[in-house]
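Read the numbers this way: they start at 1 and go in the same order the structure lists the ligands and their atoms.
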Amino acid sequence: MFENLSDRLGSVFDRLTKQGALSEDDVKTALREVRVALLEADVSLPVARDFIKAVQEKATGQAVTKSITPGQQVVKIVHDELKHVLSGDEDPGKLKIDNPPAPILMVGLQGGGKTTTTAKIAKRLKEREGKRVLMASLDVNRPAAMEQLQILGNQIGVDTLPIVKGEDPVAIAKRAKTQASLGGYDVYMLDTAGRLSIDEELMAQVEAVRDVANPRETLLVVDGLTGQDAVHTAENFDERIGITGVVLTRMDGDGRGGAALSMRAVTGKPIRFVGLGEKMDALETFEPDRIAGRILG
Ligand code: GDP
């Protein structure tokens with residue numbers, strides 16, 4: 001397992017003289033350790049480099065506080081900076097869903113947790129905001145995925161668009177829009193098809209659906225345990241489709257959360273929710289503080 005960064009920095013600083021302020025050398029020594037911790041937490045190299053530079057500027061010359069050790073002090077500066085980078089200025093859990101029916105487009109690779117997350121968000125909108133939600137699966141190549149959404153819908157008491165065999169994703173998106181308008185729904189969620197990797201066909205299909213639906217929110221669902229792959233996925237989807245936010249799933253696993261930092265730094269898009277299990281309630285609003293703690297270990 002990973003060594004705790006606070007302990008590691010503590011031992012580094014034991015060897016350093018404790019003057020009144022953090023010297024440039026003290027900070028440099030500490031930041032070497034921080035860099036290792038970031039890389040171990042799966043933060044990408046360029047992101048770690050920029051991050052370290054920002055922390056270095058903040059830490060150098062800062063007066064050493066008597067109550068805590070210099071090591072703890074650097075950890076605190078790093079923690080605050082992580083929080084700063086991870087925080088968006090908006091409330092991450094507040095989706096833009098005024099002007100009913102508001103379309104939400106769900107995108108991502110297969111197996112990332114897209115269908116599960118679609119249902120989790122629908123349940124949340126229904127229970128916390130009293131919204132009437134309609135969910136539609138656009139995964140025409142996988143009938144099992146369409147049925148899965150239906151089963152989840154029944155389980156949480158949220159309507160799903162009836163399945164019509166042979167319809168293409170764009171036609172389904174149009175039907176969902178009509179049904180949502182006629183049926184007086186506040187929100188309709190389009191669960192697009194996933195692929196094992198990003199490919200041209202997938203992107204073209206999602207683009208066509210996007211153009212028809214004109215979504216208020218486009219949420220990318222990615223497996224938080226896949227580290228750098230998750231970051232590349234986010235970069236690709238954002239470039240091609242334009243995402244408004246990210247949901248990181250499987251954060252109940254033992255991932256270190258570095259992907260969250262890289263993703264935020266690379267795409268500039270906020271992380272909205274975190275998936276913490278398979279159950280329909282296992283979804284939380286993203287909290288920068290928690291992920292920062294996780295990255296630091
Ligand atoms: P999709 O192919 O992207 O639609 O993925 P699914 O929604 O079908 O999810 C794939 C598997 O991951 C299912 O077994 C889900 O129950 C599971 N899953 C989804 N989100 C989470 C999560 O946050 N934590 C855990 N542990 N499992 C999850």
Side-chain angles (χ1 to χ4, degrees), residues 42 92-93 104-125 127 133-156 158 160-161 163 169 172-173 176 188-199 201-203 205-206 209-210 213 215 217-227 229-234 236-238 240-241 243 245-260 263 270-287 290-291 294:
D42 223 354
I104 300 179
L105 189 65
M106 304 294 292
V107 301
L109 299 181
Q110 189 173 313
K114 192 161 27 62
T115 301
T116 311
T117 304
T118 302
K120 284 177 177 176
I121 291 177
K123 182 172 192 283
R124 187 186 162 97
L125 290 174
E127 289 176 359
V133 183
L134 177 71
M135 304 189 291
S137 172
L138 274 49
D139 203 344
V140 292
N141 296 323
R142 292 195 309 145
M146 298 186 114
E147 281 160 26
Q148 189 198 346
L149 189 68
Q150 230 172 19
I151 292 166
L152 293 175
N154 288 338
Q155 200 180 311
I156 59 175
V158 168
T160 45
L161 190 73
I163 298 170
I172 301 175
Y188 64 100
M189 301 183 73
L190 302 174
D191 181 18
T192 60
R195 294 288 194 286
L196 293 176
S197 62
I198 291 174
D199 64 33
E201 200 193 331
L202 163 74
M203 284 302 184
Q205 192 185 76
V206 178
V209 169
R210 177 202 62 196
E217 296 276 3
T218 300
L219 301 178
L220 172 72
V221 180
V222 277
D223 182 341
L225 296 182
T226 57
D229 283 346
V231 180
H232 291 141
T233 303
N236 276 315
F237 270 94
D238 191 38
R240 191 73 194 261
I241 309 295
I243 59 174
V246 176
V247 182
L248 278 184
T249 61
R250 299 218 173 78
M251 294 305 278
D252 47 315
D254 61 1
R256 294 289 313 274
M263 223 175 273
I271 295 162
R272 299 297 197 86
F273 299 103
V274 171
L276 292 167
E278 303 203 1
K279 297 229 168 70
M280 286 293 104
D281 282 326
L283 184 79
E284 286 185 1
T285 304
F286 177 68
E287 281 178 36
R290 271 208 204 171
I291 300 287
R294 216 165 148 146

* Go through the structure and list residues passing side chain to side chain contact (heavy atoms under 4.5 Å, CB included) with A176, not counting sequence neighbours. => A136, L161, Y188, L190
* Asked: Under a 4.0 Å heavy-atom cut-off, what residues line ligand 1?
  -> L109, Q110, G111, G112, G113, K114, T115, T116, K120, R142, Q148, T249, R250, D252, G275, L276, G277, E278
* **Which residues share a salt bridge (charged side-chain N to carboxylate O under 4.0 Å, His left out) with R294, sequence neighbours left out** => none
* **Candidates E217, E287, E284 - the one meeting salt bridge (charged side-chain N to carboxylate O under 4.0 Å, His left out) with R272** => E217
* Asked: Between R124 and T285, do the side chains contain an N or O donor and an N or O acceptor separated by less than 3.5 Å?
  -> yes
* Using a 4.5 Å cut-off on heavy atoms from C-beta on, say whether the side chain of L202 contacts that of F237. => yes
If you look only at distance, which donor and acceptor atoms sit under 3.5 Å apart when one is on a side chain in residues 273-283 and the other is two or more places apart or in another chain?
residue : atom : partner : partner atom : Å
D281    : OD1  : K123    : NZ           : 2.6

